Amino acid sequence: EEILEYAIADEEDARDYYAHAAQLAGAPHTRRMLLQLSEMEQGHADQLRKELAELRIEREEETGMVD
C-alpha cells in the first residue's frame with residue numbers, strides 16, 4: 001500500500017508540474033502538449049488509486065480486518 005501511495009503522490013506531482021509548465025508556455029502547441037501530459041499523469045494516478053482500493057478490499061477480505 002505504501003508503494004502505491006507514494007506512486008500516486010509522484011504522479012500527482014508530475015501532473016502539477018506539467019500543468020504549471022503549460023501556464024508558462026508561450027507556444028500554443030507546447031501548451032497543448034503539456035496539458036496532455038498533465039492529463040496522462042492524472043490518468044496514471046487514477047489507475048493507481050483504483051489498484052490501491054482493490055488491494056485494500058482484497059486484504060480486508062483475506063484478513064477480515066479494516067485498516
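Predicted model only: the values in this text are computed from it and were never measured.
Considering CG of L48 and CG of D10, their distance stands at 9.5 Å, rounded to 0.5 Å. To the nearest 0.5 Å, atom CG of residue L55 and atom CD1 of residue I3 are 10.0 Å apart.
The only option from E54, E60, E61 that meets the side chain to side chain contact (heavy atoms under 4.5 Å, CB included) definition with I57 turns out to be E61. Of the residues listed (M40, Q42, H44), the one engaging E11 in a side chain to side chain contact (heavy atoms under 4.5 Å, CB included) is H44, and it is the only one.
Between L4 and E51, the shortest heavy-atom contact is CD1-C, 4.3 Å.
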Compile the donor-acceptor pairs under 3.5 Å between side chains in residues 27-38 and protein atoms, sequence neighbours left out, one pair per line.
| from | atom 1 | to | atom 2 | distance (Å) |
| --- | --- | --- | --- | --- |
| R31 | NH2 | A25 | O | 3.1 |
| R31 | NH2 | G26 | O | 3.2 |
| S38 | OG | R15 | O | 3.0 |

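Other residues sharing a hydrophobic cluster with L24 under the 4.5 Å side-chain heavy-atom criterion for ILVMFWY residues do not exist; the residue is a singleton.
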